[in-house]
Each structure stands twice: as C-alpha cells, then as structure tokens.
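Here's the structure, in structure tokens; my notes come after.
Note that these values count all heavy atoms, side chains included, but never hydrogens, waters or copies made by symmetry. Small disclaimer: the values here were computed from a predicted structure and weren't measured. The chains referred to below are lettered A, B, ... by the order of the sequence lines, with proteins before strands, and numbering in each begins at 1.
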Amino acid sequence: MSSALLEELRARGLIFQIAGEDELAGWLDGGSRTLYCGFDPTADSLHIGSLVPLLMLRRFQLAGHRPLALVGGATGLIGDPSFKAQERQLNTADVVSGWVEKLKRQVSQFIDFEAGENSAEVVNNLDWVAGMDVLTFLRDVGKHFSVNAMIQKESVKQRIEREGSGISYTEFTYMILQSFDFAELNKRYDCTLQLGGSDQWGNITGGIDLTRRLNGNQVFGLTMPLITKADGTKFGKTESGTIWLDAKKTSPYAFYQFWLGCADADAYRFLKYFTFLDVAEIDAIERSDAERQGRPEAQAVLAQEVTRLVHGEAGLSAAQRITESLFSGSIEALSKDDLAQLRQDGLPASSIVRAAFPDTLTQMLTDAGMAASGKQVKDALGRNAVTVNNRPLGWDDNARVDACFDPGEALHSRYYLVRLGKKKYHLFDIE
RNA sequence: GGAGGGGUUCCCGAGUGGCCAAAGGGAUCAGACUGUAAAUCUGACGCGAAAGCUUCGGUGGUUCGAAUCCACCCCCCUCCA
C-alpha cells in the first residue's frame, strides 16, 4: 500500500492528481507495470514544457516499470482543445507526419530501449486510428461517451461558456480519440497507467472510463502540476521565444542560460522537477544558499543537470565554455580556435564581408538578430550598452560602421564580439 | 434561414470624423541598483539613422480629413428556426 516511487514523486511535488489513488501504490508495488504518456506533434520539436512528463517516464522506468512514449500522429491532426482559449489551426497530414518522426527521435533520448523486461517503446496512435472507419468509431467508441458528461469537463468548459469563443466538433472529439488510445494501449500492451500534465486530467479520466467499458479493466491516471513561475509569467518562454529541446532550435548555450537565469524563488522547485538529484541533496543546496550571502548555487546546479540531461555531456561543456568566456573570462584571452569553437558551440554568430557592411549599426545588429528593431539598438547605443570587443559605442557611432569594426581591433584579425545589453552576445566574423 | 453582438498595434483592452501611430494594463527590450537574481525606479516599445512611410478583418466609397460614417464581402460569438 506504500509505493516508494509515489512517495518520492510526492516529495518532489510532481503529483497533482491521481485517478485510482487508493489502489495505485499497491498496483505499482505488485510488479512491473506498463504506463504511457502522449506527446502531440504540434511543432517540429518538443519544448521544455514536455520535459517534466518525459523525465517522469524515465523516473518510472528507473523504478522498474515499462514506459511507452506515445507520439500523437492521429491526435496531432485534430488538436487538443484542453484549456486552450481558441480553436487551433489544423496542420496538413504531411507536416504532422514529418513532426512525428522528429518527435519520435527526440522522445527516445529520455527513455531506455535496452532495459530488458521493462524496455521502453515509442508508439504512434495513427497506427490504430488511421484505419478506423467513421461508423466503427461512432458505434464502438462514440457510443460510450455522453455529451452531457463531456461538456462538463473543465478542459472544454471555457470554450463552451466563454463569450467570443467556441469549439468545433473536431476538437471536441479529441477527448474521445485520446481516451481510445488508452483503451487500445491497455489491450495491446497491458498498459495500465497514463501520465500527463494537469491539463490532461479530463482526457485521462475519459480514457480510464472507456478502458473499463471496452476492456473491463481498471486503469490509473496521474497528472503532474502545471509548472509555474514565482513572478506569474509563463514558464518556458523568454525574450527570444520558446525554449526547445532541439539543439538546432535552442542551442545548448541558450538552453543552459535559460536555467541559469531562473529566479531564486523557482530554482529549488525546478531542481526537484527537472533533475534526478535527491530531494535531500536539493534541500542541502537550499540551506547552504540561504546561509551564504550573494549569488545562490541552485541555478548553476540546475542549469548543469538539465543541460546534461537534454544535450549530453558535450552539449553541457559547450554551454559552460561559452558562458565562462563571455561572463567571467576576458575575451582578449580567447584563442582563434576558442572563438571558432564558440561559434560551433552555439554562440550566435554571423559572417560578413567588410565591403557589404550596411550603412548603420542598427541595421547590422538587427540583421544579426541581436535586437527586434532598430529602435532597440538605438536605445542601447544611447545608453552605451553596445560594445565591440569590450569597447563601448555611442549613438554617434551608428552611421560609422567601418570605424566600429576597425581592423586594428579585431581579435585574430577577423573576430568581433559584440555585446548588446548585459546578456546578448554575437560574434561577427568579418573578412 | 432569422435576430443580435463582435473583429483595434505581441496579448488584454480603450477609442466612435480631425488634438490618433491610436489611452491604460500585461509582456518584451535597454539603463540604474544587483548576483548574468527578485523587488523598485527610469526610458523605449508599428517600420525607418532621418526625411518619412505603413497600421485599426477585407474591398470600395463619402469627406479637406476616417480606426471612427456608408456599401458590399470575409471570419467569430449568442439566441431563434
């Protein structure tokens, strides 16, 4: 009646709700169980919002259970309405199937496929949904759902009740499709537990009901809390947008920086959510941070652990190398190889020929992606917040691009490290 | 099919003929303070170095002048049939 795993998860704050709470602990202790969590292809990469469930699958696997990562090739074509304010734009089948392939690979790095008895597996719900005809769906699946019950679900309520929005029949059906996944996985893999974010509660309980009706089996559901930030802003977004798991979309350096920059008030909680460090260990860090004046250690540990999980040891050291040289090292000390390496490692960079210089710095830095508009560059220049190889520039320099990138000041005769504000760096390789 | 309500700059949301590139809030960016924090304060926040140019669902029209008025169209919501 006491599952050590559930206790551990509870201590980490990773459990929001459990369906079948009284029996779940005993069920998990009774043997190796199969569980799943779904990931819908809504982009060509997952973002850090999916990290908690991914790591959750791993936590269960480490505890001896068998994780299935479901990639929603079918559900991704429909769109989950849960707690969404608006109807979503449908993506074409081609696009979605391309994303499915990418997500399959991505999801695979977090779970172990060579674990013997409890080896993980990746499944795609398109495999059992694509071939189903409408009448079978309506008669065999739809018949088990009460619309009265469905419209009571919190996840769609706001769409139904809120003035100025609505929900299409397509999205309304999403819940049924996801429920069917659970029943199908129960039948095919003896899967008895579904994990998901707290927004998935309605879909999960739908699946539990359907599995009982279709297969006569009792199955369980567990949701994780929504990740919140102490300041109330949305987790996982920054100035530069979403933090993706794909290194091509968010470099390991940017990823590392994201975690390094998280608020003190969030850091210890995030350590519990996003790392495999012991709770006791995390508490110890929190205590020692509290006793010490100045900068806490938590963010550094967090950044290190999560970056290693997502980008591996190589990605982590690249991120740390860049961070080290930009924020604590002196850039003059960087060798030519170091600079080339930084660029390789994901430091934003661009190559430009001297003859092709734009007329203004605002143009040049905007083109390089350092700022969203010339206005921002203008503002920064006006406050001496732009430096080239540590030399501050002013608004007067805006039209003097050549002088700003004086050959005599180049690092190794071609590199210029431009900084805008405190944190934004860009390496220009100028010929 | 009928009746009504609505589509404003990233988001929310004012604005109902000139004073509107469009209040206010949020988000975001920069500065000060700091720890590459938080809180706070300051500035910016359609594009453009500037002159200037382009916005208020779309297309036309009225007017010296429109986000605001008119016509038609598209989309969304609510209720009725």
Side-chain angles (χ1 to χ4, degrees), chain A residues 81 84-89 158-169 171 228-243 253-271 285-286 288-304 319-320 322-329 331 347 357-387 392-404 417-426:
Chain A
K84 300 284 190 319
Q86 285 186 322
E87 183 82 9
R88 294 211 267 169
Q89 186 92 44
Q158 62 181 58
R159 283 279 287 279
I160 293 171
E161 288 174 357
R162 184 183 163 184
E163 182 88 8
S165 77
I167 183 168
S168 68
Y169 182 72
E171 282 196 14
T228 56
K229 291 208 301 180
D231 64 5
T233 56
K234 196 172 179 185
F235 171 77
K237 299 269 187 185
T238 75
E239 62 279 6
S240 37
T242 305
I243 306 294
Y253 162 68
F255 188 85
Y256 182 85
Q257 285 286 323
F258 169 80
W259 295 103
L260 200 60
C262 87
D264 295 4
D266 296 322
Y268 308 98
R269 215 157 35 91
F270 288 180
L271 278 167
I285 295 172
E286 184 164 9
S288 84
D289 278 347
E291 285 164 16
R292 193 156 21 89
Q293 287 286 37
R295 190 175 188 174
E297 198 194 342
Q299 284 90 336
V301 176
L302 178 66
Q304 173 178 312
Q320 288 179 323
I322 298 176
T323 297
E324 177 69 19
S325 32
L326 296 186
F327 291 95
S328 34
I331 61 167
L347 178 69
F357 272 168
D359 294 337
T360 57
L361 278 172
T362 47
Q363 182 73 50
M364 187 161 169
L365 302 193
T366 308
D367 287 350
M370 291 191 78
S373 73
K375 285 260 171 51
Q376 291 184 358
V377 178
K378 178 180 176 181
D379 184 47
L381 279 170
R383 294 156 181 274
N384 297 311
V386 177
T387 66
L393 302 179
W395 177 235
D396 296 346
D397 294 308
N398 188 40
R400 298 201 295 253
V401 180
D402 266 313
C404 295
L417 191 62
V418 176
R419 179 168 59 97
L420 191 159
K422 281 174 189 157
K423 302 184 194 175
K424 278 186 277 201
Y425 287 92
H426 194 98

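Scanning atom types as modelled, one donor and one acceptor separated by under 3.5 angstrom connect the side chain of A:Lys422 and the base of B:U34. A donor-acceptor contact under 3.5 Å links the side chain of A:Asp264 to the base of B:G35.
Separation of the C1' atoms belonging to B:G18 and B:U68 is 11 Å when rounded to the nearest angstrom. The same atom, C1', is picked in B:G5 and in B:A39; the two are 43 Å apart, to the nearest Å. Only the C1' atoms considered, B:A23 is 31 Å distant from B:G60, to the nearest whole Å. Using P as the reference atom, B:G25 and B:A44 are 13 Å apart when rounded to the nearest Å. Nucleotides B:G57 and B:G15 place their P atoms 15 Å apart, quoted to the nearest Å. Between B:A66 and B:C19, the two C1' atoms lie 15 Å apart (nearest whole Å). Here the separation of B:G35 from B:A49, taken at their P atoms, is 36 Å to the nearest Å. Comparing the same atom, C1', in B:U8 and in B:A14 gives a spacing of 9 Å after rounding to whole Å.
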*Go through the steps to decide whether A:Phe327 and A:Tyr425 satisfy the test ring pair (Phe, Tyr, Trp, His ring centres under 6.0 Å), and finish with yes or no.*
CA-CA 10 Å; A:Phe327 291 95; A:Tyr425 287 92; 5.4 Å; yes

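Remark: P of B:A50 and CG of A:Asn398 are 9 Å apart, rounded to the nearest angstrom. Straight-line distance from the NZ atom of A:Lys229 to the C1' atom of B:A27: 11 Å, rounded to whole Å. A:Leu381 places its CG atom 15 Å from the C1' atom of B:G48, with the value rounded to the nearest Å. As rounded to whole Å, 14 Å separates atom C1' of B:G43 from atom CG of A:Asn384. Following rounding to the nearest Å, A:Glu324 (CD) and B:U36 (P) show an atom-to-atom distance of 13 Å. Rounded to a whole Å, the CH2 atom of A:Trp259 is 16 Å from the C1' atom of B:A37. Between A:Asp367 atom CG and B:G48 atom C1' the separation is 13 Å, expressed in whole Å. Note: CZ (A:Phe327) to C1' (B:U34) measures 15 Å, nearest angstrom.
Using a 4.0 Å heavy-atom distance criterion, A:Gln257 is classed as a base contact. Heavy atoms of A:Ala385 sit under 4.0 angstrom from primed sugar atoms or phosphate atoms, though from no base atom. Within 4.0 Å (heavy atoms only), A:Leu361 reaches no atom of the nucleic acid at all.
Both distances falling under 3.5 Å, in either a Watson-Crick or a G-U wobble arrangement, place B:C10 opposite B:G26. As the counterpart of B:A32, B:U40 is assigned, both hydrogen-bonding distances of the Watson-Crick or G-U wobble pattern falling under 3.5 Å. Pairing for B:A3 is with B:U78, a Watson-Crick or G-U wobble pair whose two hydrogen-bonding atom distances lie under 3.5 Å. A 3.5 Å limit on both hydrogen-bonding distances identifies B:G61 as the Watson-Crick or G-U partner of B:C69. B:C56 is unpaired under the criterion used here, namely a Watson-Crick or G-U wobble arrangement in which both key atom distances are under 3.5 Å.
Although no hydrogens or angles enter the test, the distance criterion places a donor-acceptor pair under 3.5 Å between the side chain of A:Gln299 and the main chain of A:Cys262. Between the side chain of A:Arg383 and the backbone N or O of A:Gly394, no donor-acceptor pair lies under 3.5 Å.
Contact annotation: A:Lys424 side-chain N/O to B:A30 OP1/OP2 distance is under 4.0 Å.
Taking CG of A:Leu365 as the reference point, atom NZ of A:Lys378 lies at 15.0 Å (rounded to 0.5 Å).
Of the candidates B:A30, B:A37, B:A49, B:A37 carries the atom nearest the A:Lys423 side chain, counting heavy atoms from C-beta on. When distances run from any side-chain atom of A:Arg295 to the nucleotides B:A37, B:U36, B:G31, the shortest one goes to B:U36. Among the nucleotides B:A49, B:U36, B:A30, the one closest to any side-chain atom of A:Thr360 is B:A49. Closest contact between the side chain of A:Gln299 and the listed nucleotides B:G35, B:U36, B:G48 involves B:G35. When distances run from any side-chain atom of A:Ser373 to the nucleotides B:G48, B:A30, B:A49, the shortest one goes to B:G48.
Below 30°, between 30° and 60°, or above 60°: for A:Trp259 and A:Phe235 the angle between ring planes is between 30° and 60°, a tilted geometry.
Both A:Asp379 and A:Gln376 sit near RNA chain B, but only A:Gln376 has its closest nucleotide nearer the 5' end. Comparing A:Asp359 and A:Pro296 by the nucleotide of RNA chain B whose heavy atom lies nearest to each, the residue mapping closer to the 5' end is A:Pro296.
Salt bridge status for A:Asp379 with A:Lys375: absent, with no side-chain N to carboxylate O gap under 4.0 Å.
Around atom CG of A:Asn384, more than 12 heavy atoms belonging to other residues, nucleotides or ligands sit under 6.0 Å away.
A donor-acceptor contact under 3.5 angstrom links the side chains of A:Gln363 and A:Asp367, judged on distance only.
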